[in-house]
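Residue numbers start from 1 in every chain, and the chains themselves are labelled A, B, ... in the order their sequence lines are given, proteins ahead of strands.
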Number of protein chains: 4
Amino acid sequence: MTSPVAQPASPRKQPRQARARATVDAILQASTRILQKHGLEKFNTNHIAEVAGVSVGTLYQYFPSKDAILIELIRQKRSQLRDALAEAAAQSVELTLEQALDNLLRVTIAHQLRWPMVGRTLDYAESFLPLADESLAFKRDLADIISTLLAKFAVPDAEMVARDLIFALNGLIEGILATQTADADQIFARAQILAHGYIRAAREN
Amino acid sequence: MTSPVAQPASPRKQPRQARARATVDAILQASTRILQKHGLEKFNTNHIAEVAGVSVGTLYQYFPSKDAILIELIRQKRSQLRDALAEAAAQSVELTLEQALDNLLRVTIAHQLRWPMVGRTLDYAESFLPLADESLAFKRDLADIISTLLAKFAVPDAEMVARDLIFALNGLIEGILATQTADADQIFARAQILAHGYIRAAREN
Amino acid sequence: MTSPVAQPASPRKQPRQARARATVDAILQASTRILQKHGLEKFNTNHIAEVAGVSVGTLYQYFPSKDAILIELIRQKRSQLRDALAEAAAQSVELTLEQALDNLLRVTIAHQLRWPMVGRTLDYAESFLPLADESLAFKRDLADIISTLLAKFAVPDAEMVARDLIFALNGLIEGILATQTADADQIFARAQILAHGYIRAAREN
Amino acid sequence: MTSPVAQPASPRKQPRQARARATVDAILQASTRILQKHGLEKFNTNHIAEVAGVSVGTLYQYFPSKDAILIELIRQKRSQLRDALAEAAAQSVELTLEQALDNLLRVTIAHQLRWPMVGRTLDYAESFLPLADESLAFKRDLADIISTLLAKFAVPDAEMVARDLIFALNGLIEGILATQTADADQIFARAQILAHGYIRAAREN
DNA sequence: GATGAATGAGGGTTCATTCAT
DNA sequence: GATGAATGAACCCTCATTCAT
């Protein structure tokens with residue numbers, strides 16, 4: 001259920017697969033750029049192939065369908081976020097809850113700022129792709145990272161609080177990005193109030 | 001819920017006769033049902049007309065394009081939410097901030113629960129429809145309703161806090177609906193913690 | 001084969017037909033205006049009815065089909081040209097051939113200048129309307145008027161010369177109108193050279 | 001007839017492979033046949049593709065729209081006529097004006113006889129296609145070829161005379177073809193009288 | 001007679017996918 | 001492996017015509 005193609009395990013490239021890897025990357029990068037600039041409307045295989053500098057035929061040698069590209073993009077973005085959060089959590093073991101949360105916040109905001117439109121579009125794409133199980137697993141993974149942290153500080157209902165915090169922050173960040181131009185620091189300041197306030201309330205609940 | 005029907009997108013024809021009004025309603029209801037069940041994928045004019053029990057030609061007598069139907073749906077849902085929130089706010093003048101917020105929360109949750117998938121889909125549709133100005137105005141309207149309430153209780157930065165609260169709650173509710181089956185009361189309980197916690201933090205900020 | 005509705009024989013209007021006459025005129029005038037401004041592309045029954053200020057249903061009470069409107073327009077324009085030429089010929093019995101031709105030329109140019117685009121469009125419409133016999137008869141009528149004149153001055157092959165003169169002048173006038181802005185006098189001057197030159201050559205042939 | 005194929009409208013794709021070139025030719029030939037037999041009424045992309053023996057999709061790989069096919073046909077026919085006239089003019093340098101004109105006449109008549117109905121239809125199509133500038137340039141080109149010849153023989157107003165001669169001959173030839181069945185020789189005989197007569201008159205003017 | 005709502009076949013265009021070269 | 005020409009189902013939209021009121 002986790003992405004099969006994701007991070008190359010060993011940096012030692014098998015020579016005969018280097019080209020293939022480059023082609024796949026070109027396709028995925030082209031896809032990202034198209035989604036970012038034009039959304040799903042211009043996201044079609046001919047266009048992707050053209051932007052990626054390969055032929056449609058080649059594209060179909062690496063991806064069995066258009067949806068498979070979306071799925072792979074989703075998996076990549078998820079992997080990136082999951083890994084970044086896990087690393088931030090690992091590096092926060094010595095900190096207070098608030099400090100640890102701030103680190104996670106920064107990571108999340110940085111992730112969303114990278115390709116804001118892609119995030120929104122992939123969120124929607126989830127609704128028609130056959131990813132139900134994988135999506136649940138991903139959300140569980142994220143919730144685990146955060147609930148582990150919360151539990152350490154004796155926040156009750158850590159699992160549910162973690163999920164709700166993720167949902168709320170996601171809504172806040174996407175909302176700000178969709179309506180206003182704000183830099184990472186401004187978003188962070190606003191998200192911090194939300195996160196701290198919510199956690200405090202959850203603690204007392 | 002008390003809202004009168006909003007002004008149509010850029011209607012081909014104002015429905016003057018009762019029959020015409022019924023036709024427009026049938027088209028909008030069919031559209032809602034299709035979005036709810038199958039999302040944008042099956043949202044095509046032939047299908048809409050078929051489900052509505054009219055011909056495509058008739059559909060195009062009342063809506064200049066497929067997008068115009070989406071726009072009208074968005075306008076209707078927005079009107080409904082705006083009016084319901086305004087009314088709830090009006091009926092909460094005697095209450096404490098927390099009680100007033102709870103009323104608004106209940107209205108919002110009820111609204112989202114009505115057609116959860118439609119809400120998600122229309123949110124995405126906004127990104128490719130020419131609604132920028134209207135969307136800003138709508139968000140301002142909602143923020144106004146809430147910031148007026150917040151200001152009455154001396155919450156600082158009422159305008160921004162109102163917007164962020166809306167974003168966060170929206171994310172929370174959509175998140176819960178997308179992943180889990182939860183009834184209105186359960187969602188309310190979780191949203192309440194978020195709202196109260198955030199407002200308290202905002203007050204002390 | 002000649003138009004059934006054409007010129008009202010007696011100016012005494014039958015009261016119960018006055019309204020009908022007005023409706024038919026409105027439709028034909030609207031049709032002319034649309035053809036002049038937008039060609040066959042916007043020439044559709046709904047649009048015609050709208051411009052004429054009547055309902056489509058009413059339009060279909062007076063014309064059995066869209067093509068019937070085109071046919072009636074063609075008949076009207078033809079009647080006008082035929083009558084105007086016949087009258088000009090009748091008034092030219094005392095004149096020289098050149099003077100008589102000039103009168104016919106002026107009539108023809110004035111006719112084309114009235115609705116230049118309509119003329120071009122109806123010429124094309126002839127090619128798909130079932131008017132073969134009528135068109136032949138019309139061309140014969142015009143040729144008769146002119147060949148009678150030519151025969152009076154002993155031009156050989158009067159019939160064929162008449163037809164060819166009409167074709168050539170038609171081409172010249174339409175050509176000038178399509179490419180350049182020229183007033184009636186300028187067109188007349190150029191057409192005169194053509195007509196006189198051609199007739200002199202035909203005489204000597 | 002010696003003309004190389006003109007540059008395509010605004011081609012989706014330059015046909016690089018032999019197969020592609022054959023496809024484009026098939027589409028253009030099918031288009032010509034349909035226009036010749038049924039006019040613009042049956043000129044629809046599905047029908048064209050069917051007659052050409054390809055799929056609609058293929059048609060749209062080479063032509064961005066239906067109108068683009070008409071435009072390409074117009075360009076081809078114009079190129080053919082322009083080149084044929086230029087060649088005929090070049091081969092007539094030693095001849096008298098009348099002899100040279102006769103050569104041009106023969107070329108023009110042969111051109112019109114090839115696809116008479118196509119000529120008429122494309123003439124009409126010009127009125128709704130975005131070709132204004134190109135059409136002017138084409139008419140100027142033809143006028144240049146002929147006015148150069150006229151000027152050599154000291155015909156006054158050579159430019160205008162050339163244009164008017166073209167218009168008149170075009171009208172004559174199209175008129176004859178539309179009404180009567182006549183072979184090239186008969187048309188030539190009649191056009192000759194017109195051309196010689198007009199030029200003589202223009203000279204004396 | 002007049003109205004205008006409704007019909008639905010027809011036609012333009014796109015794009016995911018296949019396959020011969 | 002790569003290419004890109006070809007396919008055709010699917011979808012948007014129009015407009016001549018009908019018919020209930």
Side-chain angles (χ1 to χ4, degrees), chain A residues 16 19-20 23 41-50 53-69, chain B residues 12-13 15-24 41-50 53-69, chain C residues 16 19-20 23 41-50 53-69, chain D residues 12-13 15-24 41-50 53-69:
Chain A
R16 88 191 82 162
R19 269 258 297 259
T23 302
E41 281 197 289
K42 297 258 167 133
F43 188 76
N44 69 67
T45 50
N46 290 292
H47 189 200
I48 296 168
E50 187 193 329
V54 301
S55 68
V56 227
T58 298
L59 184 154
Y60 272 88
Q61 292 220 334
Y62 292 100
F63 295 93
S65 71
K66 177 178 147 173
D67 282 356
I69 300 175
Chain B
R12 284 265 163 101
K13 180 185 290 186
R16 297 176 191 183
Q17 304 186 356
R19 182 165 52 146
R21 180 73 246 159
T23 299
V24 168
E41 281 199 292
K42 290 273 167 89
F43 189 76
N44 69 66
T45 53
N46 289 301
H47 190 201
I48 295 167
E50 188 190 330
V54 300
S55 66
V56 228
T58 296
L59 186 155
Y60 276 93
Q61 294 230 342
Y62 299 101
F63 296 94
S65 70
K66 180 177 135 164
D67 282 357
I69 302 176
Chain C
R16 88 191 83 166
R19 270 259 297 261
T23 301
E41 280 197 290
K42 298 257 169 138
F43 188 76
N44 69 67
T45 52
N46 289 294
H47 189 200
I48 296 168
E50 187 192 328
V54 301
S55 67
V56 226
T58 298
L59 184 154
Y60 272 88
Q61 291 220 333
Y62 292 100
F63 294 93
S65 72
K66 178 177 147 174
D67 282 357
I69 301 175
Chain D
R12 286 267 163 100
K13 179 185 291 188
R16 297 178 190 181
Q17 305 186 358
R19 181 164 55 144
R21 179 75 244 159
T23 300
V24 168
E41 281 199 290
K42 291 273 168 91
F43 188 77
N44 70 66
T45 52
N46 288 298
H47 189 201
I48 296 167
E50 188 192 329
V54 300
S55 66
V56 228
T58 295
L59 186 155
Y60 276 93
Q61 294 229 345
Y62 298 101
F63 296 94
S65 70
K66 179 175 136 166
D67 282 356
I69 302 177

- Query: For A/K42 and A/H47, which heavy atoms make the closest approach, and how far apart are they?
  - Reply: O-ND1, 3.0 Å

- Residue closer to the 5' end of DNA chain F, B/T45 versus D/L59 (nearest nucleotide): D/L59

- Item | F/dA6 phosphate, OP1 or OP2, under 4.0 Å from D/T23 side-chain N/O | yes

- Message: From CD1 of A/I69 over to C1' of E/dC15, roughly how many Å is that when rounded to an integer?
- Response: 13 Å

- Message: Reading DNA chain F from 5' onward, which residue's closest nucleotide shows up sooner: D/T58 or C/K42?
- Response: D/T58

- Query: C/N44 side chain: which of F/dA16, F/dA9, F/dT17 is closest?
  - Reply: F/dA16

- N/O donor-acceptor pair, side chain D/Q61 with base F/dA6, under 3.5 angstrom: yes

- Note on the structure: Quick note, A/V56 side chain, CB onward, closest among E/dA16, F/dA5, E/dT3 is F/dA5

- Task: Could you tell me the separation between the NZ atom of A/K66 and the P atom of E/dT14, rounded to a whole number of Å?
- Result: 14 Å

- Could you please spell out the steps behind the side chain to side chain contact (heavy atoms under 4.5 Å, CB included) verdict for B/T45 and B/F63? CA-CA 10 Å; B/T45 53; B/F63 296 94; over 6 Å; no

- Go ahead and name the base partner of E/dG4; Watson-Crick or wobble counts if both distances stay under 3.5 Å, otherwise write none. F/dC19

- Message: Heavy atoms from C-beta onward define the side chain here; which of F/dC12, E/dT17, F/dG8 lies closest to that of A/N46?
- Response: E/dT17

- Query: Which comes earlier along DNA chain E counting from the 5' end, the contact point of D/D67 or that of C/G53, where each point is its nearest nucleotide?
  - Reply: C/G53

- Task: With side chain to side chain contact (heavy atoms under 4.5 Å, CB included) as the test, would you mind laying out the steps for C/I69 and C/Y62 before giving the verdict?
- Result: CA-CA 9 Å; C/I69 301 175; C/Y62 292 100; over 6 Å; no

- Query: Can you check the C/F43 CZ to F/dA16 P distance for me, whole Å?
  - Reply: 9 Å

- Message: Evaluate D/L59 against D/T23 for side chain to side chain contact (heavy atoms under 4.5 Å, CB included), listing each step before the verdict.
- Response: CA-CA 8 Å; D/L59 186 155; D/T23 300; over 6 Å; no

- Spacing of D/E41 atom CD relative to F/dC15 atom C1', expressed in whole Å: 14 Å

- Minimum-distance nucleotide (side-chain atoms of C/S55 versus E/dT13, E/dA2, F/dC12): E/dA2

- Task: Choose from F/dA6, E/dT17, F/dT3 the nucleotide whose nearest atom is closest to any side-chain atom of A/Y60.
- Result: E/dT17

